[in-house]
There are 2 protein chains.
Amino acid sequence: MIRCIKCEQVHAITKSGVVHGRQRYYCKDCRIYFSLPESDPSPSPSHTGPHHSATILDIARALNISKSTVSRALQGHKDIKEETRAAVLEMASRLDYQPNLLAKSLVRSKTFTIGIIVPEFMNYFFPTVIIGAQEIASAAGYTVMICQSQESVATEIANTRALLASRVDGVLISMTRETEDFDHFRVFGRHGIPVVFFNRVCETIESSRVYVNDYEGAFSAVEHLIEKGYRRIAHLGGPPNLQLSQNRLNGYSDALKRHGLPLQPELIVRYDLQPENARLCAARLLDLPQRPDAIFCLNDPAAIQALLLAKERGINVPGDLGLVGFSDDPISSIIDPHLTTVRQPVGDMGKIAMQILLEQVEKGIGNYVPEHKTLPTHLVVRESSSGPTGHPR
Amino acid sequence: MIRCIKCEQVHAITKSGVVHGRQRYYCKDCRIYFSLPESDPSPSPSHTGPHHSATILDIARALNISKSTVSRALQGHKDIKEETRAAVLEMASRLDYQPNLLAKSLVRSKTFTIGIIVPEFMNYFFPTVIIGAQEIASAAGYTVMICQSQESVATEIANTRALLASRVDGVLISMTRETEDFDHFRVFGRHGIPVVFFNRVCETIESSRVYVNDYEGAFSAVEHLIEKGYRRIAHLGGPPNLQLSQNRLNGYSDALKRHGLPLQPELIVRYDLQPENARLCAARLLDLPQRPDAIFCLNDPAAIQALLLAKERGINVPGDLGLVGFSDDPISSIIDPHLTTVRQPVGDMGKIAMQILLEQVEKGIGNYVPEHKTLPTHLVVRESSSGPTGHPR
DNA sequence: AAATCTACCGGGAACGTTTGCGGTATCGTT
DNA sequence: AACGATACCGCAAACGTTCCCGGTAGATTT
């Protein structure tokens, strides 16, 4: 006892397969498909109706023209009379037509979406990058698809597959803290999809990269501590497989060398980017028989953990312990004492990375050379490093 | 002078259209399509190759079987001999086959992706919700597509269109601070796409909603301030079009009434959720001829701005000014003094919202009733509200 | 020996677009 | 009067899947 949703007739209805749990029907008179929930024999009026969204074919039939014409009218092709176009547009909005990107992308083999893989977005850094990137992308008519690997290679691999399956036109990647094998990234190259790495870059893959000058940032931070009178400066570093922790470590040690200070291995600890472990590592440093009088931390979250721990233990910052972080997290200017840090242009990093990526997407793979962009850093001096007590400068 | 990328022959090649700027060719011998960048006549070897990703048809041809069989083998259909399936799998990985979700979704009219629209993700709240939601979604085999409206209705509307065009199976929405007209949300209903609102819900649209008990949270916060001895309690509230600011305001005033305190209009200010304006509004309260001795703030970011301003002006918190926020932002337990706040189960909100949504997606529209879920809040008492000086309790 | 069943596979339509090519009016030009 | 140009539109193939329907070969039952 199925009636057509349009002509309300019963006789011209035939079944037309089941799609995902609901019976589809076809009315021969109206030449229209529709479906009704089959578990509910008498659906409430508010939920009845054509769940089958309108297509260009529906518009075409309603106007007695061909779907080619509708398609062309919709995309502003010049071959279409102004009159017809107006009619199409009018009917499109009447039928609540929404173009099906899946179909469009399928035939044009271009999706106008960019994939982004980040390890997390709990902290300040990655959301800010993403916002910058998204701004550029949507200005260029692209949408983004954000994946978070949650610092796990397994889900990172899953993410690459998902993006590949969705046929994104390009991807932006900042890898996991534990990524050591990069094979899963190569698949993009094999499929002609440009990628650009940012922040946590991959050096063994031929691709564009954008990052800040970690070495210089670290160098200036440590030099600043030295100038303020700190002498036993420790480093709370990051995992060795990340290039940036290596660079910051190098900046640290070179600054020490430059000023004739010894490089003491026990003053260097590395944490795996988990906040809890930053705290643990800071504790290791503070528990040292000969305590450091300053710590240069890999990033602000780590510095904040160190600061909190110091406060708990009654260690005066900056009097007994100088602290400087990296990346200028907003919390750093709120916490007491305010944290000295190395500011990096976070939003710009997203923008620039996306700009480079989109350029390469438009050019097509093989028609561009990978680009390596280094962004400047800038030391922001605040209270946490104003010099040890008894050594005012 | 085009050679087949497989057999390296020249004679059997015919042109086969141009897709998006690159000429496509067809080798009659190998029955294979491929394309070369036409702007670069002699591409470097590293970038040469079949940009045309392998399809099930390629696998089928290589194995001399039909694409139906390949499809079935790939999805684990029982009709396929173990031997054939193994061969297909092997060939698939040899050809670096990646399924094309666009095509699959097109025919099944199901994308297994959920859209999420949030106003921003700079603060702690929304990223945390998203993480929770994503966890549930990916466990169920869905991927999410995150859009941020940036607190602008215009981009919110653009977001709905994008999600609609991408044919998401369902959407999670927390609306803009300025959304007053909800028509652009109705299109989901018309297209049979279930939506669930969270946090900033929409009451005029028939749909599921999940939020916290804002009224009770606010009530207990204000009651707490009263019990601690504060008497002139102000409220730094939010925009009136958001239900949650209304509810928190009601909790605030009812708590005052309950304890026989007068409701004074000049003690109620509302900000538009921009941090700068939170500061301005806090200033308005602190500039009052008769200054409030406590402020109950709409959320933690606002409370933090108030706290910073008070510190700048030398107003002692909690001695001269009690403060309590809402949502337990991590900064709140870092800032000095630590901020009393109403904790809400943020991650759970995402999880629950996604669970409800997925249920409705699976059931299909019309086969479920909208669900309204209120989550409990919990007052976290810290230093910022420990009582005015001279009124210790 | 015929009939039925099972296991496996292929043909082909369908999903909703885009787009090259061909067709038909209409109009102006020789 | 014939021809070419122009403006507009339709046909049909293609994109890469899924899945219904049918077919064949061998095994089992009657």
Side-chain angles (χ1 to χ4, degrees), chain A residues 15-20 23-24 26 33 35 52-61 63-85 87-88 92 95 97-112 164-167 191, chain B residues 15-21 23-24 26 33 35 51-61 63-85 87-88 92 95 97-112 164-167 191:
Chain A
K15 291 198 177 187
S16 156
V18 174
V19 296
H20 232 81
Q23 184 59 248
R24 268 170 67 79
Y26 181 71
Y33 285 95
S35 63
H52 177 249
S53 308
T55 71
I56 51 168
L57 193 58
D58 294 321
I59 302 178
R61 277 202 283 251
L63 258 40
N64 258 322
I65 55 179
S66 82
K67 55 179 182 168
S68 322
T69 305
V70 176
S71 170
R72 275 185 272 251
L74 253 20
Q75 48 186 311
H77 198 285
K78 67 169 178 49
D79 263 15
I80 303 298
K81 212 195 314 181
E82 223 11 270
E83 200 181 312
T84 338
R85 187 195 316 282
V88 168
L95 293 184
Y97 169 77
Q98 298 292 139
N100 189 327
L101 261 194
L102 299 170
K104 171 171 178 167
S105 300
L106 184 59
V107 27
R108 305 203 37 192
S109 49
K110 163 120 191 170
T111 53
F112 281 100
L164 224 29
S166 301
R167 292 295 190 267
H191 284 252
Chain B
K15 291 197 176 189
S16 156
V18 173
V19 298
H20 230 77
Q23 185 59 249
R24 268 170 66 80
Y26 182 69
Y33 285 95
S35 63
H51 297 130
H52 177 248
S53 309
T55 71
I56 52 168
L57 193 58
D58 293 321
I59 301 179
R61 277 202 282 253
L63 259 41
N64 257 323
I65 56 179
S66 82
K67 55 179 181 166
S68 320
T69 305
V70 176
S71 171
R72 273 185 277 253
L74 253 21
Q75 50 186 309
H77 198 286
K78 68 169 177 51
D79 263 14
I80 303 299
K81 211 195 315 181
E82 223 13 87
E83 200 181 310
T84 335
R85 187 194 317 282
V88 168
L95 293 184
Y97 168 77
Q98 298 291 139
N100 188 328
L101 260 195
L102 299 171
K104 171 171 177 166
S105 301
L106 184 59
V107 24
R108 305 204 35 194
S109 50
K110 165 119 190 170
T111 53
F112 281 100
L164 225 27
S166 302
R167 292 295 190 268
H191 284 251

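Owing to the predicted nature of the structure, the values given are computational and were not obtained by experimental measurement. Excluded from the calculations below are hydrogen atoms, water molecules and symmetry mates; all remaining heavy atoms, backbone and side chain alike, are included. First the proteins, then the strands, lettered A, B, ... as listed; each starts at 1.
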Whole angstroms only, please: what is the [atom1]-[atom2] distance between [X] and [N]?
X	N	atom1	atom2	value
B:H191	C:dG16	NE2	P	13 Å
B:H77	D:dC19	NE2	P	8 Å
B:L102	D:dC15	CG	C1'	10 Å
A:L106	D:dC15	CG	C1'	4 Å
B:L74	D:dG16	CG	P	15 Å
B:I59	D:dG16	CD1	C1'	12 Å
A:I56	C:dC15	CD1	C1'	12 Å
A:K104	C:dC15	NZ	C1'	17 Å

Please name all residues satisfying side chain to side chain donor-acceptor pair (under 3.5 Å) with [X], sequence neighbours left out, ordered by chain then number.
X	value
A:S68	none
A:T111	A:T113, A:D169
B:E83	none

Can you measure from [atom1] ([X]) to [atom2] ([Y]) and round to the nearest 0.5 angstrom?
X	Y	atom1	atom2	value
A:K67	A:L74	NZ	CG	14.0 Å
B:I59	B:I56	CD1	CD1	7.5 Å
A:L164	B:Q98	CG	CD	4.0 Å

Protein-nucleic acid N or O pairs under 3.5 Å, nucleotides 7-10 of chain C:
from   : atom 1 : to    : atom 2 : distance (Å)
C:dC9  : OP1    : B:T84 : OG1    : 2.8
C:dC9  : OP2    : B:K81 : N      : 2.9
C:dC9  : OP2    : B:T84 : OG1    : 3.4
C:dC9  : N4     : B:D79 : OD2    : 3.1
C:dG10 : OP1    : B:S66 : N      : 3.3
C:dG10 : OP2    : B:S66 : N      : 3.0
C:dG10 : OP2    : B:S66 : OG     : 3.0
C:dG10 : OP2    : B:T69 : OG1    : 2.1
C:dG10 : N7     : B:R72 : NH2    : 3.2
C:dG10 : O6     : B:R72 : NH2    : 2.8

Item to complete: Find out whether A:L106 and B:N100 are in side-chain contact, i.e. whether some heavy atom of one side chain is under 4.5 Å from a heavy atom of the other.
Response: yes
Worksheet item: Side chains of B:I65 and B:V88: closer than 4.5 Å at any heavy-atom pair?
Response: yes
Worksheet entry | Nucleotide nearest A:V107 (side chain, heavy atoms from C-beta), chosen from D:dT17, D:dC15, D:dC19 | D:dC15
Practice prompt. Name all residues meeting the salt bridge (charged side-chain N to carboxylate O under 4.0 Å, His left out) criterion together with A:R85; count only those two or more places apart in sequence or in a different chain, and write none if there are none.
Written response: A:E82
Response to the item:
Axis-to-axis angle across the helix from C:dA1-D:dT30 to C:dT30-D:dA1, five pairs each end, nearest 10 degrees, ~ 60°
Worksheet item: Does OP1 or OP2 of C:dT19 have a side-chain N or O of A:Q75 closer than 4.0 Å?
Response: yes
Worksheet item: Does D:dC19 have OP1 or OP2 sitting under 4.0 Å from an N or O in the side chain of B:R108?
Response: yes
